[in-house]
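Taking it in order: structure first as structure tokens, then the write-up.
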Amino acid sequence: MKLWGGRFTKPTNQLVEEFNASITFDKELVEEDIAGSLAHVEMLGVCGILPKEDVARISEGLKTIRERVQSGEIEFSIENEDIHMNIEKLLIDLIGPIGGKLHTGRSRNDQVALDMHLYVRKQTVHLVELLVQLQEVLLNQASQHVDTLLPGYTHLQRAQPVRLAHHLLAYASMFERDLERLVDSYKRVNVCPLGAGAIAGTTFPIDRQYVAKKLGFTRVYDNSMDAVSDRDYLVEFLSISSLIMTHLSRLSEELILWSSEEFQYVELDDAFCTGSSMMPQKKNPDIPELIRGKTGRVTGHLLSLLMTLKALPLTYNKDMQEDKEGVFDTVKTLTGSLQLMAEILKTMKVNVQRMQQNVEQGFANATDLADYLVNKGIPFRKAHEIVGQLVLYCIGKQKYLLDCSLEEFQSFSSEIQADIFERLNPIAVVEARTSEGGTAKAQVLKTLEQKQERLTKLTSWLSEHQVEV
Ligand code: ARG
């Protein structure tokens with residue numbers, strides 16, 4: 001007999017049992033579900049809706065079930081459809097019909113919303129923690145490579161030399177924004193839907209604030225219909241996650257390029273690479289490749305949920321059961337990706353010489369020659385043309401700007417003097433970019449320091465937001 005079997009005359013079709021059930025995946029919410037029920041039943045007692053003895057027996061029963069789940073004794077069943085009814089059925093089997101009082105003043109609609117809020121809240125804090133750890137590794141690598149130069153690229157063509165720290169700090173900026181987004185989303189996640197009932201509230205004199213406080217929520221939903229049908233916080237979670245994966249994917253792409261024989265900028269640690277079953281010489285960057293690849297599925301989960309929600313009338317519709325697997329898979333994917341990216345960055349070797357060599361062999365200092373001419377009073381557009389011709393000349397002679405003699409320089413512009421050789425040196429080129437946010441040492445060090453300070457603030461946010469449920 002189903003928990004809702006009263007108005008039915010036939011058993012459920014076997015295909016329906018399997019198609020309808022969510023227990024195969026929502027068992028992930030078991031801890032949240034029991035914690036929510038414990039808070040709910042305690043409130044029912046405090047408000048005089050259930051006698052204290054019943055509350056005590058139900059609470060004891062729930063705790064026993066929790067222990068049995070943790071020790072792996074419990075097998076959930078498809079017949080009981082989802083985690084909520086599985087737990088309720090186990091409770092009734094354990095303590096008898098009194099267990100049937102647990103669901104007083106509650107619906108699975110506000111219950112499942114509560115479970116997901118608790119789950120996403122816990123995962124948000126955990127992801128902040130993992131991002132902070134990744135950021136620490138990134139800032140540490142940046143601080144070790146303030147004086148390492150490499151070509152900066154646009155269109156994947158050598159553009160202007162930059163400090164490796166500057167390049168890494170660009171990623172730190174992305175992850176810093178991701179951290180801000182997660183922290184900001186927390187306030188919309190940390191809202192309690194319980195007490196909305198199925199849709200319109202309940203006739204029992206419940207105390208929603210009591211439950212909210214007990215479970216660490218800052219406030220309750222102010223509209224029962226919104227409480228049971230809001231999935232915005234899940235869309236937001238998947239959206240932030242997609243963006244984090246996109247940032248990890250761009251970084252992965254650079255590591256894949258940089259570890260190729262063509263670039264040779266970094267060597268990834270053996271522990272994070274794999275070999276080829278056929279080609280003995282191969283060492284493949286599978287992990288960055290997989291992070292890049294898995295970005296597709298996380299973004300897919302975001303689109304999938306948006307599609308599921310787009311035409312749903314108020315309030316709860318069974319379509320909403322489809323909100324879970326994508327979220328669970330996203331948590332698993334993102335957790336692994338963040339942990340592995342931190343390890344890869346921590347253990348990789350940077351080939352400083354190779355980067356320096358590529359800075360010298362190229363025309364990454366061409367803009368500086370144009371700027372030099374501008375400082376002599378030549379309009380930038382004209383200076384650009386002169387340097388363009390000079391570059392073309394060098395390509396013809398198979399050499400770089402610094403290989404030219406002063407006479408060669410002067411045959412393109414009489415304004416060029418002997419100080420040009422000093423000015424076009426890679427380090428001088430980098431140091432000349434003193435504008436705010438530029439790649440000169442003082443600017444890079446300033447940014448590094450600011451990012452370290454922000455990280456310290458996030459560490460204290462984390463210690464204030466450690467939740468037990
Ligand atoms: N398993 C359901 C879900 O995940 C729980 C809520 C079911 N509510 C209902 N009225 N059938 O959405």
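We count ligands from 1, going down the list as the structure has it; atoms in each ligand are counted the same way.
Taking every heavy atom of D82 and a limit of under 4.0 angstrom, the matching atoms of ligand 1 come to 1 (N), 2 (C), 5 (C). If you number the atoms of ligand 1 from 1 as listed, the ones under 4.0 Å from a heavy atom of N109 come out as 8 (N), 9 (C), 10 (N). Per-residue contacts place Q321 under 4.0 angstrom from the following atoms of ligand 1 (heavy atoms of the residue considered): 1 (N), 2 (C), 3 (C), 4 (O), 12 (O). For ligand 1, the atoms closer than 4.0 angstrom to any heavy atom of K324 are 3 (C), 4 (O), 12 (O). Of all atoms in ligand 1, listed by their number and element, those nearer than 4.0 Å to a heavy atom of H84 are 5 (C). Set against the non-hydrogen atoms of S22, the atoms of ligand 1 under 4.0 Å away are 1 (N).
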Please tabulate, one pair per line, all N/O donor-acceptor pairs under 3.5 Å involving side-chain atoms of residues 303-311, not counting sequence neighbours.
unit_1: T308; atom_1: OG1; unit_2: S304; atom_2: O; d: 2.9

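Residues L90 and F76 form a side-chain contact, since some pair of their non-hydrogen atoms from C-beta on lies under 4.5 Å apart.
Note on E325 versus K27: no salt bridge recorded, every NZ/NE/NH1/NH2 to OD/OE distance being 4.0 Å or above. Classification of D323 and R231 as a salt-bridged pair holds, one side-chain N sitting under 4.0 Å from a carboxylate O. The pair K2-E17 meets the salt-bridge criterion, with a side-chain N (NZ, NE, NH1 or NH2) lying under 4.0 Å from an Asp/Glu carboxylate O. With respect to R181 and D178, a salt bridge is recorded, a charged nitrogen being found less than 4.0 Å from a carboxylate O.
Of all the heavy atoms of Q111, none lies under 4.0 Å from any atom of ligand 1, so neither backbone nor side chain is involved.
Counting only heavy atoms of the protein, atom 11 (N) of ligand 1 lies nearest to R108 NH2, 3.4 Å.
Checking each of Y233, Y186, F237 against H117 for a ring pair (Phe, Tyr, Trp, His ring centres under 6.0 Å) leaves exactly one that passes, namely Y233.
Between Y316 and ligand 1, an N or O atom pair is found at a separation short of 3.5 Å.
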